[in-house]
Amino acid sequence: MSEQNRGTGRIRGTGRRRKPSRGRRLRTAALVTAATAVLAGGAGLGYAYVALDGNIEAVDIDAALGADRPDDADNGSEDVLVLGSDSRSGANSAYGTDEGSARADTAMVVHIGEGHTSAQVVSIPRDTLVDRPSCTSDTTGEEVAGRRLAMFNTAYEVGGPACAVKTVEAMSGIRMDHYVEVDFTGFEEIVDELGGVEITTTRTIDDAGSRLHLEPGTHTLTGEQSLGLVRTRKSVGDGSDLGRIQLQQAFVRALMERTKSIGLFSGPKTLLSLAGTATKAVTTDSGLGSVKKLAGFAKGLSGLGAEDVEMITLPVEYDPADPNRVLPQEKATARVWAALAHDEPVPASATARSAGDKGEAAEVVR
């Protein structure tokens, strides 16, 4: 595999990425929080699964990748790749100019432990330099050569969801059981359906890029404000994507608390309204490609609360050759993936020296 110029901001595949329909793609921050709401309240989607099935877009990851994948874990645990991109097509054009291609901003590997009583979320920074395997373009059907030291977010750009899954599996040695994706506008609508999400800020957030201004204190954020929070970067911590990930993780916890506190299962009207919005917002693998399947999966997660979820960022360090890129800490990341593979907690020592667990951003939102 040829080595990529580390300063290159974009890698083109063999063909132009198609513009996703319905403006369905987004930044992972929005995706993860919306996916959390879907999974937390999804058990009741069976009320209207026939009517809502047509809303869900599904991707056959298994058919695209074939048999050359890590073995499926036989310990009762499940692993889900939650992924988003920076497309500005369709309804998402309000968040920037549509450049006709899409890249994954960030990814989160969600590991659901045996018995579904705990979960771990590992954020993979979008600018992490990885060895990207060869992939088949989902737009042209042609083979795209792998690259050494390619930015993680280019995997989605050159090969779509299947290439992103293949890259994560190559990095981790763990088979992804499922894939979930959500969009900007769907995220906003889901938060508004929930009546907003309460967070507390410890200092002023004033970010022109995300169009968010919050004074210190407790706030019930609207969907638009929530999207602004999870897109905020320049005004917190060191202004990097690592600080934004810390805001995202704090918001995911708050969103989980909100979905649990309003008692979705006790009010079919609220649940159905949320279901209609959520199913239009998500793209899944074919294993979750119907409301009935999604509901069954979500039902097993309905008992999880924020206190049951461990959130970390993949252990990384800034690339000496380019401070805008990060490199995985080889031994530390191996310990993270080993913990997930064996359905064990990630040891605190694995992330102790990581750039992703340092900085002020982690203390901005509580």
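Throughout, numbering of the chain's residues begins at 1 and tracks the sequence.
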Polar side chain donor-acceptor pair, Thr154 to Arg147, under 3.5 angstrom: no
Electrostatic pair Arg69:Asp62 at N-O distance under 4.0 angstrom: yes
CG on Asp207 to CG on Leu214, rounded to 0.5 Å: 10.5 Å
Rounded distance (nearest 0.5 Å) linking atom CZ of Phe187 with atom CZ of Arg231: 10.5 Å
Pairwise side-chain contact, Gln225 with Leu212, heavy-atom cut-off 4.5 Å (strictly under): yes
Backbone N/O of Phe152 and side chain of Thr128: donor-acceptor pair under 3.5 Å: no
Side chains of His116 and Glu114, donor plus acceptor under 3.5 Å: no
Short side-chain to backbone donor-acceptor contact, Asp343 and Ser77, under 3.5 Å: no
Expected output: side-chain Ser286 to main-chain Ile61 donor-acceptor under 3.5 Å: no
Nearest-0.5 Å distance that lies between atom CE in Met151 and atom CD in Glu157: 8.5 Å
Backbone N/O of Lys293 and side chain of Ser290: donor-acceptor pair under 3.5 Å: yes
Value rounded to 0.5 Å, distance of CD in Glu143 from OG in Ser137: 10.0 Å
Close side-chain approach of Thr313 to Thr351, heavy-atom, < 4.5 Å: no
Close side-chain approach of Cys163 and Tyr156, heavy atoms under 4.5 Å: no
Atom pair CD1/CD of Ile112 and Gln120 - distance to nearest 0.5 Å: 11.0 Å
Within-4.5 Å side-chain heavy-atom neighbours: Val197 and Phe251: yes
Side-chain donor or acceptor of Asp79 paired with backbone N/O of Met176 under 3.5 Å: no
Donor-acceptor under 3.5 Å (Thr201 side chain, Gly217 main chain): yes
Any donor-acceptor pair under 3.5 Å from Gln246 side chain to Gly356 backbone: yes
Connected via hydrophobic side-chain network under 4.5 Å: Val316 and Ile124: no
Expected output: side-chain Arg132 to main-chain Asn153 donor-acceptor under 3.5 Å: no
Same apolar cluster (I L V M F W Y, side chains within < 4.5 Å links), Val326/Val109: no
Residue pair Ser123 / Gln248, side-chain donor-acceptor N/O under 3.5 Å: no
CD on Glu188 to CD on Glu224, rounded to 0.5 Å: 5.5 Å
Val364 and its side chain to side chain contact (heavy atoms under 4.5 Å, CB included) partner, picked from Thr232, Thr204, Ile199, Ile205: Ile205
Residues Val130, Thr167; criterion side-chain contact (heavy atoms from CB on, under 4.5 Å); working and verdict: CA-CA 8 Å; Val130 303; Thr167 301; 4.1 Å; yes
Side-chain touch Leu65/Glu169, heavy atoms, less than 4.5 angstrom: yes
Beyond-backbone contact of Pro320 with Leu327, side-chain heavy atoms, under 4.5 angstrom: yes
Val121 side chain reached by Val252 side chain, heavy atoms, under 4.5 Å: no
Side-chain heavy-atom pair Asp177, Val80 within 4.5 angstrom cut-off: no
Any donor-acceptor pair under 3.5 Å from Lys234 side chain to Ser210 backbone: no
CD/Glu330: more than 12 non-hydrogen atoms of other groups inside 6.0 Å: no
CA sep, side-chain torsions, deciding dist, call: Ser354, Gln329, side chain to side chain donor-acceptor pair (under 3.5 Å): CA-CA 8 Å; Ser354 172; Gln329 296 177 333; 4.8 Å; no
Any donor-acceptor pair under 3.5 Å from Arg258 side chain to Leu194 backbone: yes
